Structures are given as C-alpha cells and as structure tokens.
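This report refers to the structure that appears directly beneath it.
Quantities reported herein were computed from a predicted structural model and do not represent experimental measurements.
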Amino acid sequence: DDYDNTGLTADQIRDMQIVKYAAAYDASDKSITYLKIATGTEGNRTPLSSAQLIAFTTYIYRVAGAGIPFEIINDPADDLKLEGDIYYNPLILDKDGKMLDGTNDTPVQDAINGYVDSLEFNGTYVNMTAIDKIQAVAGVQIVEIKEAAYRYGTYQNWQKIMAFQVAHSGYFKIDPANLKLNFYPL
C-alpha cells in the first residue's frame, strides 16, 4: 500500500519482494497464528536474512490486528530422510539405479528431489505420492518405502512420517546422505 510501483513490470515488482513464500494458519491447540515465511526460488527456498526478518517483523507489527498473537517461523528447510527398496527392470536400469542407455545416472533420486522441490509452500509431503513419482521412472517396477522421517531446527532426533507430513518450516530438503535406496532386479 505504501510503495509506488508505477511503471514497473510484474517481474520487477516480484523481484523486489523479500518474502517469496508465506503461509498463515491458526494453531488448533493454542490461540495463536503462525506465519511461515521464506525467500529464494522453487527448489531453493531459504530463510530471510536477519535484516529482512527485522523489516518483515516491523511490517507485521504495524499491520496486524490488535490482540492477535502470532509467531513468525523463518527457519531453514526441514530435513527429510527416506529409505526405500526399488525393484527394477534390469533391461532398463542397472544395480545402482542408473539408466543403461546412459541418459541419467540418478533418475530415481531426481524423481524424489523433484517431488520434494515441487511441493507448494506449507504443502503436505505424502509417502504414497513419493512412491507414485518413483514408479513413474522408466524401469522402476515396485517401490517400498522402508522409512520416512523428518526433523527441523536444532532437533537431532528423526520423527517418523506415518503417511504424510507438513514441514514445520513450510518446506523440506533431502540431503543425499539422507536418501538410502536399495536396488533389486526383478
């Protein structure tokens, strides 16, 4: 409301915005509104810098309704850990999951990372959808997720994902060290 964007294109305005992703929700067990925020790009979301967070917090205090308690969540991505058994067609994939035609050395990993990166901000990770994305890879026949877990912030203990999970920060990342795939010919 306070900025003169006259003469600027939609892309220029979008580039000037520091908060690229946001979600607000009321906690079911408390009288508080959580504001999850991030900047960056699809697949490379990051927390706001200290200076950006101060500016955002100042703005929110100016526009928030009186008496509405809120908490801003500006955290790094929640860590995601997956372990799965991949049963594959040995005429298409090798024992490491590489395409035999040499077009891709990590098609299964790419499918998983693509799914995680494509989740909308504060969207829900779903084990069954991850399986569907993996099974869409040429040569993959059967997928069994043996373990799905997440953690966030400074927590070191992994929390099991039963069927689905929304990230505390609003987004997930999966480090290659936290992706264990076992390939079995079928």
- Item | Closest heavy-atom pair and its distance - Asn122, Ala167 | OD1-O, 3.9 Å
Please list, one pair per line, the donor and acceptor atoms closer than 3.5 Å that link side chains of residues 141-154 to other protein atoms, with sequence neighbours excluded.
{"unit_1": "Tyr150", "atom_1": "OH", "unit_2": "Gln165", "atom_2": "NE2", "d": "3.4"}
{"unit_1": "Arg151", "atom_1": "NE", "unit_2": "Asp79", "atom_2": "OD2", "d": "3.4"}
{"unit_1": "Arg151", "atom_1": "NH1", "unit_2": "Gln156", "atom_2": "O", "d": "3.2"}

- Is there side-chain contact between Asn127 and Ile161, with at least one heavy-atom pair below 4.5 Å? yes
- Task: Decide yes or no for Thr39 and Gln17: does some side-chain heavy atom of the first lie under 4.5 Å from some side-chain heavy atom of the second?
- Result: no
- Task: Compare all side-chain heavy atoms of Tyr61 with those of Phe70 and state whether any distance is below 4.5 angstrom.
- Result: yes
- Query: Asp117 and Glu42: which non-hydrogen atoms are nearest, and at how many Å?
  - Reply: O-OE2, 3.3 Å
- Please step through side-chain contact (heavy atoms from CB on, under 4.5 Å) for the pair Tyr115 and Tyr125, ending with a clear verdict. CA-CA 9 Å; Tyr115 169 57; Tyr125 163 85; 3.4 Å; yes
- Message: For a 4.5 angstrom cut-off between non-hydrogen side-chain atoms, does Ile112 reach Val108?
- Response: yes
- Task: Would you sort out whether Lys20 and Thr41 count as a side-chain contact (heavy atoms from CB on, under 4.5 Å), showing the intermediate values?
- Result: CA-CA 8 Å; Lys20 306 291 186 193; Thr41 60; over 6 Å; no
- Query: Without hydrogens or angle criteria, can the side chains of Asp4 and Thr6 be said to hold a donor-acceptor pair below 3.5 Å?
  - Reply: yes
N/O donor-acceptor pairs under 3.5 Å from side chains in residues 90-97, not counting sequence neighbours:
{"unit_1": "Asp94", "atom_1": "OD1", "unit_2": "Asp96", "atom_2": "N", "d": "2.8"}
{"unit_1": "Asp94", "atom_1": "OD1", "unit_2": "Gly97", "atom_2": "N", "d": "3.1"}
{"unit_1": "Asp94", "atom_1": "OD1", "unit_2": "Lys98", "atom_2": "N", "d": "2.9"}

- Item | Gap between atom CD of Glu71 and atom NZ of Lys36 - 0.5 Å precision | 11.0 Å
- Query: Would you find more than 12 non-hydrogen atoms of other residues, nucleotides or ligands less than 6.0 Å from Glu120 atom CD?
  - Reply: no
- Query: Roughly how far apart are Phe183 CZ and Tyr88 OH, rounded to 0.5 Å?
  - Reply: 8.5 Å
- Item | Within one Ile-Leu-Val-Met-Phe-Trp-Tyr cluster: Met128 and Phe164, side-chain cutoff 4.5 Å | yes
- Message: Please evaluate residues Val137 and Gln135 with respect to the criterion side-chain contact (heavy atoms from CB on, under 4.5 Å), reporting the C-alpha separation (whole Å), side-chain torsions for both, the decisive distance (0.1 Å), and the verdict.
- Response: CA-CA 5 Å; Val137 173; Gln135 284 184 315; over 6 Å; no
- Would you indicate whether the side-chain heavy atoms of Tyr171 and Val116 approach each other to under 4.5 Å? no
- Query: Same hydrophobic cluster for Leu53 and Ile73, using side-chain heavy-atom links shorter than 4.5 Å among ILVMFWY?
  - Reply: no
- Is any side-chain heavy atom of Ile60 closer than 4.5 Å to a side-chain heavy atom of Leu35? yes
- Task: Write down the atom of Thr57, the atom of Ile72, and the distance for their closest heavy-atom approach.
- Result: OG1-CD1, 3.5 Å
- Test side-chain contact (heavy atoms from CB on, under 4.5 Å) on Asn182 and Glu83 and set out the steps. CA-CA 8 Å; Asn182 307 302; Glu83 180 179 347; 3.8 Å; yes
- Is NZ or CZ of Arg45 both nearer than 6.0 Å to the six-membered ring centre of Tyr21 and within 45° of the ring axis? yes
- Could you point out which residue of Asn74, Asp78, Asp75 forms a side chain to side chain donor-acceptor pair (under 3.5 Å) with Ser169? Asp78
- Going hydrophobic residue to hydrophobic residue with side-chain gaps under 4.5 angstrom, can you get from Val19 over to Phe121? no
- Answer with yes or no whether the hydrophobic clustering places Val126 together with Ile134; edges join I, L, V, M, F, W, Y residues whose side-chain heavy atoms lie under 4.5 Å apart. yes
- Query: Do Trp158 and Leu80 share a hydrophobic cluster, counting only Ile, Leu, Val, Met, Phe, Trp and Tyr and linking them when any side-chain heavy atoms are less than 4.5 Å apart?
  - Reply: no
- Note on the structure: Connected to Leu100, directly or through other members, by ILVMFWY side-chain contacts below 4.5 Å are none
- Query: Are there more than 12 heavy atoms of other residues, nucleotides or ligands under 6.0 Å from atom NZ of Lys133?
  - Reply: no
- Flag side-chain contact, heavy atom, 4.5 Å: Gln109 against Leu181: yes
- Heavy-atom side-chain proximity of Leu82 to Asn178 below 4.5 angstrom: no
- Starting at NZ of Lys173, measure out to OG1 of Thr46 and round the result to the nearest 0.5 Å. 12.5 Å
